[in-house]
Enquirer: 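Before I ask anything, here is the structure I am working with.
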Amino acid sequence: MNCLSVSTSMEGRRSNLPIRSEKREREREREREQYRSSMLQCIFLLSDSGEVMLEKQLTGHRVDRSICAWFWDQADSFKSLPVIASPTHYLFQIVRDGITFLACTQVEMPPLMAIEFLCRVADVLSDYLGGLNEDLVKDNFIIVYELLDEMIDNGFPLTTEPNILREMIAPPNLVSKMLSVVTGNASNVSDTLPSGAGSCVPWRPTDPKYSSNEVYVDLVEEMDAIVNRDGELVKCEIYGEVQMSSQLTGFPDLTLSFANPSVLEDMRFHPCVRFRPWESHQVLSFVPPDGQFKLMSYRVKKLKNTPLYVKPQITSDSGTCRVSVLVGIRSDPGKTIESITLSFQLPHCVSSADLSSNHGTVTILSNKTCTWTIGRIPSDKTPCLSGTLALETGLERLHVYPTFKVGFKIMGIALSGLRIEKLDLKTIPPRLYKGFRAQTRAGEFDVRL
Amino acid sequence: MFNQFGSTAETLSKASAAVLRIGTDAHLYDDPEDVNIAPLLDSKFESEKCEALKRLLALIAQGFDVSNFFPQVVKNVASQSSEVKKLVYLYLLHYAEKRPNEALLSINYFQKDLGDPNPLVRAWALRTMAGIRLHVIAPLALSAVGKCARDPAVYVRKCAANALPKLHDLRLEEHAPAIEELVGILLNDHSPGVVGAAAAAFTSICPNNFSLIGKNYKKLCQILPDVEEWGQILLIGTLLRYVVARHGLVRESLMLSLHGLESNGFYEKDGLVGDKKDGDKSDSFDANLVSLVSKCYIEGPDEYLSLSNGVDTVAASFDSKETTSVGDNEDVKILLQCTSPLLWSNNSAVVLAAAGVQWIMAPLEDVKKIVKPLLFLLRSSTASKYVVLCNILVFAKAVPSLFAPHFEDFFICSSDAYQVKAHKLEMLSLIATTSSISSILREFEDYIKDPDRRFAADTVAAIGLCAKRLPEIPTACLNGLLALVRQESFAGDLELVDGEAGVLVQAVMSIQTIIERDPLSHEKVIVQLFRCLDSVKVAAARATIIWMVGVYCSLGHIIPRMLTTITKYLAWSFKSEASETKLQILNTAAKVLISAEVEDFQMLKKIVLYVLELGECDLNYDVRDRTRFLKKMLSYKLACHEPTEDSVASQENIAEHVVEYVFGRKLKPFSPLNLHNRFYLPGSLSQIVLHAAPGYEPLPKPCSFVVEEHDQLSDSGRQREAMSGLNGSQESSETVDEDGSSEYDSESYNGSDFSSDGDERNDANDAADPLIQFSDIAVSTDQEELRSKRALDLWLDEESSTSNQTPSALDRNQSSYAKISIGDIGSRVKPKSYTLLDPGNGNGVKIDYTFLSEVSTVSPLHVCVEVLFQNSSTEPIVEVSLEDEEAMNVSDSAEQTLVGKANASYNNVPTLIPMEELSCLEPGQSAKRLIQVRFHHHLLPMRLSLHYNGKKVPVKLRPDLGYLVKPFSITIEEFLSTESRLPGMFEYTRRCTFTDHIKDTRMENGKDKFLTICESITLKVLSNSNLHLVSVDLPVASTLEDATGLRLRFSSKILSSEIPLLITITVQGKCTEDLNLTVKINCEETVFGLNLLNRIANFMVETSSSAI
């Protein structure tokens, strides 16, 4: 009985389906009519005060810049979302050095694509302009326009490879600046199509020539760590990048191998890296881009130790708190630990602070950010920050505690322990220089009080 | 030289003000308007042009409208300097849609650039031309794209692929097949760069045209790793959609796991379930949710809305025929193989897209390989971190066990944005397991002390969620939370501290969620909470606790004993409460009263009465309303003396039941799973904004795409057709040439006999060989004479039936043609008249004008216009005349450029040859006058001023493109040879429908239908433009109904430049129905030709009242 009734109801549903799907098709058709087939429609660059510095319309369907005013007027928590559904458009945003890159679309598209693209734009711009700030963007707005035009066509990324962009649009350098002052005329747009733009290795010009062939490999690592309020090391891992700088003649084929690739937990590769050799013997085989690039990034997890210890103590009573923080070397990495800094945000309920240290300098900014610059740890004493915090009236004791962000840098060592075994070239050019370097700095190193 | 130095010195002095800004464009951005831009644009120095353009761009950047410089900027498109060119393109694209007419002027330069040997120049021209977005140039742009799609340079082909969505965006139905074929061609390109861009075009143009993918599927998979990252993102999605449509979902995949487990026990048998056998099934994954997710992926939003009830349909919705298996399906295997290395990509979007494929298609045991790459994405920019987290959350909701071992990755660091923190908390509470919960709780303890109190409040809520998911740990949590409540409430004046209240409220709510599971064993906790009541100052927290008093008032042993005291306390504090709390006190009072024990009843009744009285006088009307309502409802209780006493009246029993039902009901266990969630495809925008964004498409229906052998054949056939269609211009002219070159005997024929001639044509059709030519008797060069005397001229010719080159499908049906020419039509031509001034605006003066076909005597640039004055008022009107408003002295440089180069010698000719003045026009009288006008631009109206009765009224005389040409009489042979010299870029076509003939054909049954159609088309054309009818080709069709193949040829010369312009109208359709006309123009003057084409297409569509 039961079975029967189920099957009949299914029949009924089936028979309804075509009608519904037809209707859906029609509706979808109408929807397509109404909306645009292009992806990104417009890119805005906003200064840190919300002024629209640049607009680049990418399609014929113009986006009015009033959308920026709407965006800027939103509440902070909403405004900081990377993907925002406004009444008329979907907005994607990234903030880089105080400049907001805002992109608009009206249709479904992978949001990460838009965000990654904006990040790429920001990278390229800061590379071209030697940094990013309001003045730099305004002073070089023509270059920004030209770059954007090459980087995206009809809302879809066109040329994003920095090496090729450099050949198409010359970066502003001192020579061209001086030239433009003297002659009043210097074109920064290339007349010819970069050879890489069409080849199957788009990251490399087809036949660069160098008198001396150089290739440098840098291991740049960042240590992320969390020390909880009990002083326990909750999480400690390394995020590292293999950065290369290559100036090699012709079409070199490189192989880079590690002595201990098994420590690598996760990795991501530059498009030039071939997947097969890595899958089979964990060897990086690639034809490098010309110039500087990031070959791979990796992560090494579950490290046991941090090079530094930070021991904060706080006691609060009747409206004042006593703070003391000790910083010292926990496990000596064998190289000097440089530019040690400690910064934290004083809680809102602190009305004034009186902090001093026996080594280094302490600065407190008006936004209650406190920075203790230590530099190197002296051999004769343990750096110590101490002082008192006065709480706002009415508060007896502190119930919220700041988190210390630790900064440091160690040259010449990769704390993950990753070692490069060798770098081979298939055909060795004359006068080849190879160089290896390593450095570690603090990434997200949090010590909670 | 000196000037040069002077400007340098000036620049230097400016620059010295800000040393760092030396040599940059800073001054241009800061003061773009400190010099006059217009003269710079016309400068002969490239550097000055460049500076002017930079200033314009600076103004655009700052949001000013500088479109008024358009004509001047467009001129510079011809510049040789690449920088000027680039800047012009930037400007042009910004304003092209706003100034379509002027944008058209640049077309010829683009055409030239498209043939440039430098690929960069070709690519730029193509990009800009396609970006102009005008319907008129779409055919040009399309053929340009078609050409560039076969360009030797990869970069140009890539730009061609990018240009396709621009053309598609114009919604030109007739070009859609050609565009899709181009997508197919580019998808088949051997260069990965082009394939990536083609994939993007495919996604936005025809995402469901799977036959395009089917042809190259394997090749696309192999090329995928080499495609550029941006193309990869879209290509991955396309391949996934294709595989689902072609083969359906994978049986072993997560998406069908529920179905598999239940219906055929597939997993149990093969032992693939693994850890799920341990009975810990609920922990490893939530089967209901997974099936809901997979259902959401497949069905669109409207389907979802119509089938909103329940999961039960899921299992049935996947037919076993609609599934496939990785083991024996090569396509699925390849897809999984080629996407898995992309999990290592440097681009987060690629990783997420690849993860999406694995998530949907990979066998259950392989899904876990997406976990680590996804987690590694969290170490990228803040913005992408957020998007990735949103996606991971969905994965984790369906299968928490995937992420459970990696809980440490979700620990929060101080630099995370608030949204990221909130998502991480949700993640942690989702994936917490009995083994990891202790570390997670320890982290949570830290977070509670965070200075960001909103985050601390979220943490407290997360603790509640964790405790609810893992029943083993609540005691630890509860103690912590209670301590928090106590600490928070004693922490002093809470109003002082931001967000502190939120933490307290969350703490109380979390305690409530934990208690809810098993209230009886947590009785003491409830009591403790009640005790805190006095110290809790936050209204929302108090309201929650008071609500708990009502709900748990009859629970256990301790609470009922405290009840009177608590109620007394509540009554006492009622006055000082916030209205939110007051409402809860009223509710609680009702609940307490209903469940009151015998001994407390009297006491409680008094307290409740007291509260109700207070409530009735409250300032807040919600509170007053609630009080009155309760008083009415509870009246039976308040009236009696014992709680169990049975009140007499039966209708009060109903009230009692209602009250019991509303207030006495115990809480139902709350279902943790919210099945009304919607899920969208991983990596989509919709998944982030949580609604279906426009253009969002779910996965196609499994196995909805069926490949059939003959389908593929016809596909390739269609492709060939489209290819020939693209370069069809040459071919068609070739074929026509053949026709023209064949010599046929001619035989005179009389037009009046034509109607009886059907038999003969049939004969011709049967016999195919005998060729009869009906030729014109008298050909005259004089226009009027030609029109009146033009006799019917018909000749049949045969197009060799074996000729394969015939380009279009419409020609294919017919193998024979007859050519006729129509006479006697001149008398029926009624030129259309336009209104210059209607009587409403002109105090009763009505002025119409009609373009005449006569050629002006003054100069070849002038057009004769007949102006008809009518006086419809009651007064006579005196001294009527028309004059040129902007006299002769105004010469706008913009207009000068528009006039074109050919007329340089006529520049001093007056714009208007004025008419004789009308001295007087009596009421009801009308008079005709002739004026001759020279239009500055073929689209822009001419401003005239009308003088009458001493007044001056400005009027606008609009040019009619059809009369800016003059008839050009040539023979058919000349016509065809001229046409063959104007192929490609000089040829444009448009389609339109034609309906005028319908009533004619119905009315005159005796007359030949073809002839009627010819006549009505000719009449229409000649009534609206000044053309010469060269010839008419009649199809010799097997059916007399089918007019397909009828072709009319007209010729003319452009007045201003004497450039010949050839028009061919080809008919398609049935005689008695609407006809589809294809109008083709061959002309060297691209812009004029395009505009005229539009004009013809427009007037052909208009239904005319004058036709017979």
Side-chain angles (χ1 to χ4, degrees), chain A residues 24 31 35-38 54 57 60 65 80-83 85 94 107-113 115-116 119 138-142 145 149 153-154 156-157 177 180-181 184-185 187 189 191 193 197-198 226 228-229 235 239 266-270 275 299 347 394-395 399-401 403 444 446 448, chain B residues 21-26 29 47 54 57 61 63 82-83 86 90 94 97 119-120 127 133 153-155 162 165-166 168-169 200 204 230 233 302 341 344 346-349 352 372 376 379 381 383-384 386-387 408 411 413-414 417 446 449 451 491-493 496 683 685 688-689 693-696:
Chain A
R24 199 186 60 233
E31 210 172 65
Y35 293 96
R36 312 305 169 203
S37 56
S38 53
L54 263 178
Q57 303 285 344
R65 55 168 64 197
S80 59
L81 282 175
V83 182
I94 65 156
V107 292
E108 168 68 48
M109 67 171 288
L112 262 189
M113 182 166 150
I115 288 167
E116 282 282 308
C119 288
K138 284 182 177 177
D139 294 355
N140 299 288
F141 72 100
I142 289 293
Y145 262 121
D149 195 58
D153 182 20
N154 194 37
F156 185 74
K177 279 182 188 175
S180 79
V181 173
N185 174 26
S187 169
V189 181
D191 282 333
L193 185 69
I226 295 175
N228 75 4
R229 299 200 205 282
K235 182 173 119 175
Y239 167 82
D266 306 304
M267 47 263 149
R268 296 168 75 178
F269 301 116
H270 189 276
F275 295 127
R299 187 154 70 156
L395 277 178
H399 65 291
V400 293
Y401 299 96
T403 300
E444 302 278 355
D446 281 1
R448 299 187 188 129
Chain B
R21 302 177 121 194
I22 287 180
T24 66
D25 299 319
Y29 190 93
S47 60
K54 284 180 177 180
L57 282 177
S82 60
E83 188 167 29
K86 183 90 208 170
L90 282 171
H94 194 84
E97 209 172 16
L120 195 63
R127 284 175 59 188
R133 291 184 44 81
V154 175
Y155 184 73
N162 275 339
K166 301 184 198 174
H168 174 73
D169 209 15
S204 56
W230 314 108
I233 303 166
D302 24 359
W344 290 329
N346 210 12
N347 188 314
S348 308
L352 189 56
K372 280 186 165 192
F376 193 29
R379 189 63 169 74
S381 73
S384 30
Y386 169 80
V387 177
E408 281 178 356
F411 283 176
C413 52
S414 54
D446 278 5
K449 292 175 190 151
D493 204 347
L496 254 180
L685 174 61
I688 306 297
V689 294
Y696 171 81

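All figures in this text were calculated on a predicted structure; none of them were measured in a lab. Below, chains carry the letters A, B, ... as their sequence lines are ordered, and counting in each starts from 1.
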Enquirer: Looking at OG of B/S414 and CZ of A/R448, how far apart are the two atoms once the value is rounded to the nearest 0.5 Å?
Expert: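 Result: 8.5 Å between the selected atoms.
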
Enquirer: Is there a side-chain contact (heavy atoms from CB on, under 4.5 Å) between B/S204 and A/M109 once you walk through the steps?
Expert: CA-CA 10 Å; B/S204 56; A/M109 67 171 288; over 6 Å; no

Enquirer: Can you see which heavy atom on B/V387 is nearest to which on A/I115, and at what distance?
Expert: CG2-CD1, 3.5 Å

Enquirer: Return the CD1 to CG distance between B/I688 and A/L81, rounded to the nearest 0.5 Å.
Expert: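 Taking CD1 in B/I688 and CG in A/L81, the distance rounds to 10.5 Å.
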
Enquirer: Passes side-chain contact (heavy atoms from CB on, under 4.5 Å), B/E408 versus A/I226? Steps please.
Expert: CA-CA 10 Å; B/E408 281 178 356; A/I226 295 175; over 6 Å; no

Enquirer: For the residue pair A/C119 and B/S381, what are the closest heavy atoms and their distance?
Expert: SG-OG, 3.6 Å

Enquirer: Taking all atoms of both residues into account, what is the closest heavy-atom pair of A/E116 and B/S348, and its distance?
Expert: OE2-OG, 2.9 Å

Enquirer: Donor-acceptor pair, A/D446 side chain versus B/C413 backbone, under 3.5 Å?
Expert: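 No: the side chain of A/D446 does not pair with the backbone of B/C413.
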
Enquirer: How are the rings of B/W344 and A/F269 set relative to one another: parallel (under 30°), tilted (30 to 60°) or perpendicular (over 60°)?
Expert: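 Perpendicular.
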
Enquirer: Can the positive tip of B/R379 be found less than 6.0 Å from the middle of the six-membered ring of A/Y239, inside 45° of the ring normal?
Expert: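 Yes - B/R379 lies over the ring of A/Y239, closer than 6.0 Å to its centre and within 45° of its axis.
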
Enquirer: At their closest point, which heavy atom of A/L112 faces which heavy atom of B/S384, and how far apart are they?
Expert: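 Shortest heavy-atom contact: CD2-CB, 3.3 Å.
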
Enquirer: Less than 4.5 Å apart, side chain to side chain, heavy atoms only: is that true for A/D149 and B/R127?
Expert: yes

Enquirer: Using heavy-atom distances under 4.5 Å, tell me whether B/K86 contacts chain A through its side chain, its backbone, both, or neither.
Expert: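 Answer is side chain: those atoms of B/K86 sit under 4.5 Å from chain A.
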
Enquirer: Relative to chain A, which of B/L57, B/V689, B/I233, B/N346 shows the most heavy atom pairs under 4.5 Å?
Expert: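 Most heavy-atom pairs within the cutoff with chain A belong to B/N346.
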
Enquirer: Heavy atoms only, distances under 4.5 angstrom: which of A/K235, A/R299, A/E444 has the most pairs with chain B? Name it, please.
Expert: A/R299

Enquirer: Where on A/L54 is there a heavy atom nearer than 4.5 Å to chain B: the side chain, the backbone, both, or neither?
Expert: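 When you check distances to chain B, atoms from both the backbone and side chain of A/L54 fall under 4.5 Å.
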
Enquirer: Might you point out which heavy atoms bring B/P451 and A/Y401 nearest each other, and give the distance in Å?
Expert: CD-O, 3.3 Å

Enquirer: Counting only N and O atoms by type, is there a donor-acceptor contact under 3.5 Å from the side chain of B/D446 to the main-chain atoms of A/R229?
Expert: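 Pair found, side chain donor or acceptor close to backbone of A/R229.
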
Enquirer: Would a distance-only check, ignoring hydrogens and angles, find a side-chain to backbone donor-acceptor pair under 3.5 Å from A/E108 to B/L685?
Expert: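 The answer is yes, because a donor-acceptor pair under 3.5 Å joins these two groups.
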
